[in-house]
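Scroll down for the structure; my scribbles are underneath it.
Residue numbers start from 1 in every chain, and the chains themselves are labelled A, B, ... in the order their sequence lines are given, proteins ahead of strands.
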Amino acid sequence: AQKVTQAQTEISVVEKEDVTLDCVYETRDTTYYLFWYKQPPSGELVFLIRRNSFDEQNEISGRYSWNFQKSTSSFNFTITASQVVDSAVYFCALSELVWSGNTGKLIFGQGTTLQVKP
Amino acid sequence: DTEVTQTPKHLVMGMTNKKSLKCEQHMGHRAMYWYKQKAKKPPELMFVYSYEKLSINESVPSRFSPECPNSSLLNLHLHALQPEDSALYLCASSPSPTGYEQYFGPGTRLTVT
């Protein structure tokens, strides 16, 4: 069965520190997709990145970077030089392909609450 | 423009009321979703519409009734809800049912009294 584990429930850092959010997944599919979402206190989930299972290239977008390693089934997210505005709940998710209905379902981890203090 | 809109933002209803939540997207997306999210928990999938047809119902109680009038609109009709149904209801859409990111609306915060 598909599963996503975010072992860190809460992380607190001081502004300008680097922080890494861990995500470990389980799937028997060879084709799958991984995502990160941010949920600030306002409540809306904001899409950050999608990665497919055949693309292990790491990605950097400004202060954000992602490290995808199939060998360890991990898709970790690093924020460099964190800012107060980065305070939010971050969800890692795995897309399950339901072939009978040709529909993908998102399997979410439990989320990591990041607090960045000034 | 990756905007999904939801109305209302907040809703308070009694257990005997009938109300509806509305979701709209104009991105040409062919899959739309309803999620329920309780505090400090991840979103839980309720329904998926794929090309305007209901493709997944995650064993949701019949007091929740989804409707997809057209490719841009998604409704969730509520009737005889229970206090434990109080939650944030999120709508999302994606270009295709498989392999694409979902874009979420701001949600409707529902309180059942």
All heavy atoms of Phe108(A) vs all of Pro43(B), minimum pair found to be CD1-O, 3.8 Å

Side chain, backbone, both or neither of Gln102(B) within contact of chain A (heavy atoms, under 4.5 Å): both

Please flag which part of Gln6(B) lies under 4.5 Å from any non-hydrogen atom of chain A: side chain, backbone, both or neither. neither

Do Ile107(A) and Trp34(B) sit in the same hydrophobic cluster, where Ile, Leu, Val, Met, Phe, Trp and Tyr count as joined when their side-chain heavy atoms come under 4.5 Å apart? no

Intermediate values then yes/no, side chain to side chain contact (heavy atoms under 4.5 Å, CB included), Leu106(A) and Tyr33(B): CA-CA 10 Å; Leu106(A) 280 182; Tyr33(B) 311 78; over 6 Å; no

Ile79(A) and Phe68(A): same hydrophobic cluster, using ILVMFWY side-chain contacts below 4.5 Å? yes

What's the spacing between Thr9(A) OG1 and Lys40(B) NZ if we round to 0.5 Å? 10.5 Å

Check Tyr100(B), Phe104(B), Tyr103(B) against Phe47(A) for a ring pair (Phe, Tyr, Trp, His ring centres under 6.0 Å) and give me the one that passes. Tyr103(B)

Taking all non-hydrogen atoms of both residues into account, name the closest pair between Pro42(B) and Gly109(A) and its distance. CB-O, 3.3 Å

In the single-linkage hydrophobic clustering (I, L, V, M, F, W, Y; side-chain heavy atoms under 4.5 Å), do Ile11(A) and Val116(A) co-cluster? yes

Would you indicate whether Lys38(B), at its atom NZ, is surrounded by more than 12 heavy atoms from other residues, nucleotides or ligands within a distance under 6.0 Å? yes

Cluster check Met32(B), Leu45(B): I/L/V/M/F/W/Y, side chain < 4.5 angstrom: no

Do Tyr49(B) and Tyr51(B) sit in one hydrophobic cluster, given that two such residues count as connected whenever their side-chain heavy atoms are within less than 4.5 Å of each other, even indirectly? no

